[in-house]
Enquirer: 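First the structure, then my questions, so here it is.
Read the numbers this way: they start at 1 and go in the same order the structure lists the ligands and their atoms. Worth knowing before you read on, the calculation uses all heavy atoms, side chains too, and leaves out hydrogens, waters and symmetry mates.
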Amino acid sequence: MRRLYADGWVVTCDDEGTEHPTGWVLVEDGFVAAVGDGDEPEADERVELGGAVVTPGLVNTHHHLYQTLTRARAQQADLFTWLRELYPVWAGIDAEAEHAAARTGLAELALSGCTTVFDHHYVFPRGRDGLIEAEVQAARELGVRIVASRGSMDLGASDGGLPPDELVEEIDDVLADTERLARELHDPASGALVQIAVAPCSPFSVTRRLMEESAMLARRLGLQLHTHLVEAAGEEAYCLELYGCTPVEFLTDLGWLGPDVWCAHCVHLSSDDVADFGASNTGVAHCPTSNLRLGAGIAPVRELMDEGARIGLGLDGSASNERSDLIFEVKQALLVARGRGGPAAMTAREALRLGTRGGADVLGRTDIGSLEPGKCADIAVWRTDGLEFGGADDLVAALVFTAPHRVDRLVVGGENVVRGGALVRADEAEIARSHRVQARRFAA
Ligand SMILES: [Zn+2]
């Protein structure tokens, strides 16, 4: 079955940044077979796109899907205050709530053009099994790709950490469960719908030994490594007091900088840190909306790009970025880069690339993030005949400048996930209803 998506402005996000303003994409067996402009190849089915912008599916490199259950809390708080208020609430999570939360977050993401989601789950209350399985199930139901992490916290308040003791685990339990999930769920193949990453939560909630053992486990199993890093200004003082070094020195010392590692936020990096990230090819999940919401600051993304670091976009959890909208985050990345570095700090196309190819690079995926022969047929189609595009000749720049948008059509591995701006495989209203039932259990 060869399906041709025709008459679109195709943004390939290939190495050269090729665009086809009257372009087409040919899809066969879930992968891109050819991309071009003008004369159309033979196909079994032709899908007319009517001048829409066609981009690779967006890639979200940092989220906490369970947090859709607890939005709009701790409204004026900084990171540490916000965490201390929410940890006890999150202690109520179980598989049923996790499934409802993940369906909601993943549906929002799909409708904003996102085809691959990394979820950083690190809250594992004792005796609640099946949390990662529940979010993987939700991704399968909706039809999107997921990289789920078996996160962890083992440094409780009584040992000088931030989380309450009831939410920390034993190191051996964490490592054994991570290995089990990798064995049961991780698919290393091109076109994988489900992968597992190793993701201890942060230097202020995890011991040195768990950081080290997590890295050893990930490298033994061939999994990617992830953690939070220097999101808030207070983190450096915390690290100096606890470990006698800066957070980036701490990671370097642990062997935690490298091409198989990416860190969320990286707001408070020195120029030496930025150079270290570039030289070690360490990835960054840039989460501008969450950083603004918590008043944490703005990451030095232009500087990181100039040093050659891998950078993608993350929405972060729904309790600190209440909206899971990735095309909006593309615009937000552009705006904060310009707020920090002036109007030349980032182009619209650079921002779009962070949300697509950049995200794929950060997750260590060479099979997604661009529309090229052999890549997964993960495609977002954006209508350009709405009110907000009127008067714009450069429709690709307009897609970014006028965001957010509801994606018109979303294809994952050649399968429709969104069509006509609606979920194909699930009922949006039903997802919202069952989510509300679960969310009431966490009401303040
Ligand atoms: Zn986060």
Side-chain angles (χ1 to χ4, degrees), residues 59-71 73-74 77-87 89-90 93 98 101-102 105-106 108-109 114 117-124 131-132 135 146-153 155 161-163 167 197-206 211 214 224-235 238 247 251 256 261-269 282-299 301 311-326 329 332-333 336 359 362-363:
V59 179
N60 180 16
T61 63
H62 187 71
H63 211 110
H64 311 287
L65 291 165
Y66 74 93
Q67 291 181 10
T68 59
L69 296 161
T70 58
R71 292 193 237 228
R73 310 280 181 98
D78 65 9
L79 174 67
F80 285 5
T81 313
W82 175 91
L83 279 168
R84 284 196 185 96
E85 182 167 334
L86 282 162
Y87 282 136
V89 184
W90 295 337
I93 193 81
E98 177 70 29
L106 293 169
E108 285 182 83
L109 280 156
C114 178
V117 181
F118 167 68
D119 190 59
H120 189 179
H121 193 86
Y122 55 83
V123 177
F124 293 88
L131 298 177
I132 300 301
E135 65 180 60
I146 190 164
V147 179
S149 74
R150 204 310 181 178
S152 54
M153 300 192 291
L155 188 64
L162 199 71
L167 279 185
V198 182
C201 185
S202 63
F204 54 82
S205 60
V206 174
M211 292 293 286
S214 295
Q224 301 285 306
L225 266 174
H226 178 67
T227 194
H228 289 99
L229 189 73
V230 287
E231 174 177 358
E235 202 172 314
Y238 202 96
L251 284 201
W256 256 81
V261 179
W262 87 105
C263 302
H265 304 298
C266 301
V267 172
H268 300 279
L269 294 179
T282 305
V284 173
H286 175 41
C287 307
T289 300
S290 171
N291 297 153
L292 295 177
R293 196 287 203 188
L294 290 172
I298 298 173
V301 168
I311 308 169
L313 299 181
L315 288 168
D316 203 9
S318 302
S320 65
N321 171 2
E322 273 70 5
R323 190 176 170 105
S324 302
D325 189 319
L326 201 47
E329 205 69 9
Q332 190 80 285
V336 300
V362 162
L363 296 184

Enquirer: Applying salt bridge (charged side-chain N to carboxylate O under 4.0 Å, His left out), name anything that partners Arg84, two or more places apart in sequence or on another chain.
Expert: none

Enquirer: Given ring-ring contact (aromatic ring centres under 6.0 Å, His included), test Tyr122 with His64 step by step and report yes or no.
Expert: CA-CA 9 Å; Tyr122 55 83; His64 311 287; 5.2 Å; yes

Enquirer: Which pair of non-hydrogen atoms, one from Asp316 and one from Ser290, has the smallest distance, and what is that distance?
Expert: OD2-OG, 2.7 Å

Enquirer: Around the Zn ion (ligand 1), what protein N, O or S atoms are found below 2.8 Å?
Expert: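 Correct list: His62 NE2, His64 NE2, His228 NE2, Asp316 OD1.
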
Enquirer: A side-chain contact here means heavy atoms from C-beta on lying under 4.5 Å apart; do Leu292 and Ile298 qualify?
Expert: yes

Enquirer: State which residues pass side chain to side chain contact (heavy atoms under 4.5 Å, CB included) with Ala148; sequence neighbours excluded, sorted by chain then number.
Expert: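 Ala148 satisfies side chain to side chain contact (heavy atoms under 4.5 Å, CB included) with Ile132, Glu135, Val136, Ile146, Ile196 once adjacent residues are dropped.
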
Enquirer: Please identify each residue that fulfils side chain to side chain donor-acceptor pair (under 3.5 Å) with Asn60, with sequence neighbours left out.
Expert: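 Per chain and number, Asn60 pairs via side chain to side chain donor-acceptor pair (under 3.5 Å) with His63.
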
